[in-house]
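In what follows, a single structure is set out as structure tokens and then discussed.
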Amino acid sequence: MKGTKSVISDENKRLCVWLKRQRQEKGHTMRSLSEILGTPHSFIGKVENQERRLDVVEYVRYCQALAIDPMDGLKQVLIEA
């Protein structure tokens with residue numbers, strides 16, 4: 001593990017890229033996903049641009065909103081662990 005600032009870690013980058021790809025593949029805009037989550041659309045942008053971390057509960061809700069398996073995202077984090 002490289003340092004403690006996971007918002008800028010390689011693992012977080014892979015997770016954010018994966019989340020963005022999943023959102024796009026599901027046909028959601030940042031705005032449409034934010035409406036499902038009940039958050040400002042800037043929240044989605046900050047997550048995807050690695051300006052904000054998701055806690056575990058937020059991550060699970062994010063995945064549920066996209067109808068994706070949170071475990072698939074965790075596999076992205078563990079790829080090179």
Side-chain angles (χ1 to χ4, degrees):
M1 183 169 162
K2 293 183 191 178
T4 58
K5 294 188 178 185
S6 66
V7 73
I8 58 172
S9 68
D10 291 341
E11 295 89 351
N12 192 63
K13 181 177 181 178
R14 286 193 302 271
L15 182 63
C16 292
V17 167
W18 180 79
L19 287 170
K20 181 177 182 177
R21 186 173 56 241
Q22 295 302 310
R23 175 183 60 76
Q24 292 170 333
E25 287 177 5
K26 297 286 183 170
H28 284 288
T29 63
M30 283 190 246
R31 197 168 299 275
S32 68
L33 180 57
S34 70
E35 288 174 8
I36 294 168
L37 289 169
T39 63
H41 70 277
S42 61
F43 170 83
I44 306 302
K46 287 178 182 179
V47 169
E48 291 183 359
N49 292 316
Q50 299 179 66
E51 297 170 18
R52 186 190 189 290
R53 289 185 279 199
L54 291 172
D55 68 27
V56 173
V57 174
E58 290 172 326
Y59 171 69
V60 170
R61 289 181 182 158
Y62 202 106
C63 290
Q64 288 172 333
L66 290 172
I68 56 178
D69 185 351
M71 293 303 294
D72 290 341
L74 294 178
K75 290 174 187 172
Q76 298 300 309
V77 172
L78 298 172
I79 282 175
E80 295 180 20

Next item on the list: Rounded to the nearest 0.5 Å, what's the gap from CG on L15 to CG on L78? Could you check?
Entry: 10.5 Å
Note to self: Counting only heavy atoms not in R31 (residues, nucleotides, ligands), do more than 12 fall under 6.0 Å from its CZ?
What the structure shows: no
Margin query: Is it the case that the side chain of D55 and the backbone of V57 share a donor-acceptor pair, with hydrogens and angles ignored and the cut-off at 3.5 Å?
Written below: yes
Next item on the list: Identify the heavy atoms of V77 and E11 that sit nearest to each other, and give their distance.
Entry: O-CG, 3.5 Å
Checklist line | Distance (rounded to the nearest 0.5 Å) between C16 SG and K46 NZ | finding: 14.0 Å
Checklist line | Side-chain touch Y62/I44, heavy atoms, less than 4.5 angstrom | finding: yes
Notebook entry, point to check: In Å and rounded to the nearest 0.5 Å, what is the CD1 to CG distance from I79 to L74?
Noted result: 11.5 Å
Item checked: Salt bridge flag under 4.0 Å for residues R23 and E48 -> yes
Check: Which value, rounded to the nearest 0.5 Å, describes the distance between L66 atom CG and E25 atom CD?
Finding: 10.5 Å
Notebook entry, point to check: Which distance, rounded to the nearest 0.5 Å, do you find between the OG1 of T39 and the CZ of R61?
Noted result: 11.5 Å
Item checked: E58 and R52, any side-chain heavy atoms less than 4.5 Å apart -> yes
Checklist line | Point-to-point distance, once rounded to the nearest 0.5 Å, from CD of Q76 to CD of Q22 | finding: 8.0 Å
Next item on the list: Flag the pair L37 / S34 as yes when at least one side-chain heavy-atom distance between them is below 4.5 Å, and no otherwise.
Entry: no
Margin query: Are Q24 and H28 packed together at the side-chain level, in the sense that at least one heavy-atom pair is separated by less than 4.5 angstrom?
Written below: no
Margin query: Using every non-hydrogen atom in the two residues, find where D69 and W18 come nearest and quote the distance to one decimal.
Written below: O-CH2, 3.8 Å
Notebook entry, point to check: Are N12 and Q50 side-chain neighbours, meaning at least one heavy-atom pair lies under 4.5 Å?
Noted result: yes
Check: If every non-hydrogen atom of G73 is compared with every non-hydrogen atom of Y59, which pair is closest and at what distance?
Finding: CA-OH, 3.1 Å
